[in-house]
Amino acid sequence: MNGKNVSLNMNVRGLKPSATLAINERSNKLLSEGRRIFKLGLGQSPFPVPDSVVNTLRNHAHEKDYLPVKGLHELREAVADFHRRKDHINASAEGVLIGPGSKELMFLLQLVYYGEILLPTPCWVSYGPQAKIIGRNVQLIHTTFEESWRITAESLRRYLEKENDTYRPRLLILNYPGNPDGDTYSMEELQELAEAAREYEIILLSDEIYGQLNHRGGHFSIARFYPEGTIISSGLSKWCGAGGWRLGTFTFPKTLSWLLDAMAAVASETFTSVSAPIQYAAVKAFRGGPDIESYLSHARRILRLIGLRCASILQDANIRVHDPRGAFYLFIDFEPLREALERRDIHGSRDLCERLLTETGVAILPGADFERPIDELSARLAYVNFDGAQALAASREIPIDHELPDSFLDIHAASTIEAMQRIAGWAAEQ
Ligand code: PMP
């Protein structure tokens, strides 16, 4: 044996570590070499976990027993109640599955579901690689800047009608507010998409992990319009700032309990159950309360201010980007600057991000990682390199029905704004 990958599973051969984790390691390496780096690559919440949730975790540190595979009953109740309260859908505890992050649950879903996966692009970095690892057939449906990088009922129908097997089993993954685009769907758009999905008997995986980070607090779930065919994905990672706690949730309608049961069977042979203390703390998070609602209102107001300012600096530099409406991302497109960039030997998103990092210190991810064509000049940035704890404390000093003043940005998001100015200045170079 020469120690090489003689019998590595063909689906895994050539697979690299997840793009977001790789950029983080690359940025850390440059930092350790003394470079000034603006870390806008990894999409991690800048805000601390709410105090009441941290305290609950502390009080349950002694919990040591394995918990039921599908999750702690109290937590499944709290998650179902969260969706009833927030999304006005008829969720029940029996339909909830708890996993070590929604990412793992998505992997299990793709494993147990035997159909085609439809991915509107740009889409989150891991859906495609997960499908490839399992050996599933993935169909990409590219969207455009003009469509706000969102799939419409019309484009979904157009795609299906040109397929010769219109009613093949299909799972469509929707994500809103979206990573990488920071945008979301209106209620009407969701209603139309729901009608198309029902007509073609498509199962929806509705990734609503950023739902509570809709910048105006106006998140709607498509499950309201297509309850029988929608699985809602959520978790603690984004709105509760607890990515490292690893807790995700899937909420199924009764009609899809066969998928839930199959996933739980696989979970019982793999991860067994999520860490017990984390599940107890999650009960507190999903039950919510005035402190958590206030935390969310401040987080949304801060993200709205920073996101809109970032977009405006880039728009002024002739970079195409929509004003964000949720989460903490912008999907930016340098297409109007293509000629000038090609003269600088930049022909696609990988060149673009590599050069931007080495020439300005700003770390962002290439559009190609989000399943976009390799020669597109697109990229995703995460405007999260600010001190969330400090920003929250300062925001709490200002009544929540006021907009934050511009000076807030100078004090609390100076380095995020500087990164935008660096991108804008770099884009203007000839
Ligand atoms: N979906 C989207 C769109 C995400 O951005 C992320 C995290 N980056 C996840 C799912 C997975 O989150 P987790 O596994 O932490 O629940």
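The basis for the numbers below is simple: all heavy atoms, side chains too, and nothing from hydrogens, waters or symmetry mates. Both ligands and their constituent atoms are indexed starting at 1 by order of listing.
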Against heavy atoms of [X], which atoms of ligand 1 measure under 4.0 Å?
X      : value
Asn175 : 3 (C)
Lys238 : 6 (C), 7 (C), 8 (N)
Gly101 : 14 (O), 16 (O)
Asn179 : 3 (C), 4 (C), 5 (O)
Asp207 : 1 (N), 2 (C), 3 (C), 10 (C)
Ile209 : 1 (N), 2 (C), 12 (O), 16 (O)

Tell me the protein heavy atom at minimum distance from atom 11 (C) of ligand 1, and give that distance in Å. Ser102 OG, 3.4 Å
Please write down residue, atom name and distance for the protein heavy atom closest to atom 9 (C) of ligand 1. Trp124 CZ2, 3.4 Å
Counting the benzene-type ring for Trp, do Tyr383 and Phe328 have ring centres under 6.0 Å apart? no
Answer yes if the ring centres of His219 and Tyr176 are under 6.0 angstrom apart, and no otherwise. yes
Side chains of Ser275 and Arg246: closer than 4.5 Å at any heavy-atom pair? no
To the nearest 0.5 Å, how far apart are CG in Leu108 and CG in Leu260? 11.0 Å
With heavy atoms and a 4.0 Å threshold, my read on which part of Glu104 contacts ligand 1 is neither
Tell me which part of Ser237 gets within contact of ligand 1: side chain, backbone, both or neither, using heavy atoms under 4.0 Å. side chain
For the pair Arg36 and Glu418, evaluate salt bridge (charged side-chain N to carboxylate O under 4.0 Å, His left out) and give the outcome as yes or no after the intermediate values. CA-CA 12 Å; Arg36 175 136 192 246; Glu418 184 180 342; 3.1 Å; yes
Does atom NZ of Lys64 have more than 12 heavy-atom neighbours, drawn from other residues, nucleotides or ligands, at distances under 6.0 Å? no
May I ask you to check if Arg320 and Phe145 form a cation-pi contact, with NZ or CZ under 6.0 angstrom from the six-membered ring centre and within 45° of the axis? yes
Would you check whether Arg246 has a nitrogen or oxygen atom less than 3.5 angstrom from a nitrogen or oxygen atom of ligand 1? yes
Modelled atom types, side-chain donor and acceptor of Ser155 and Thr152, under 3.5 Å: yes
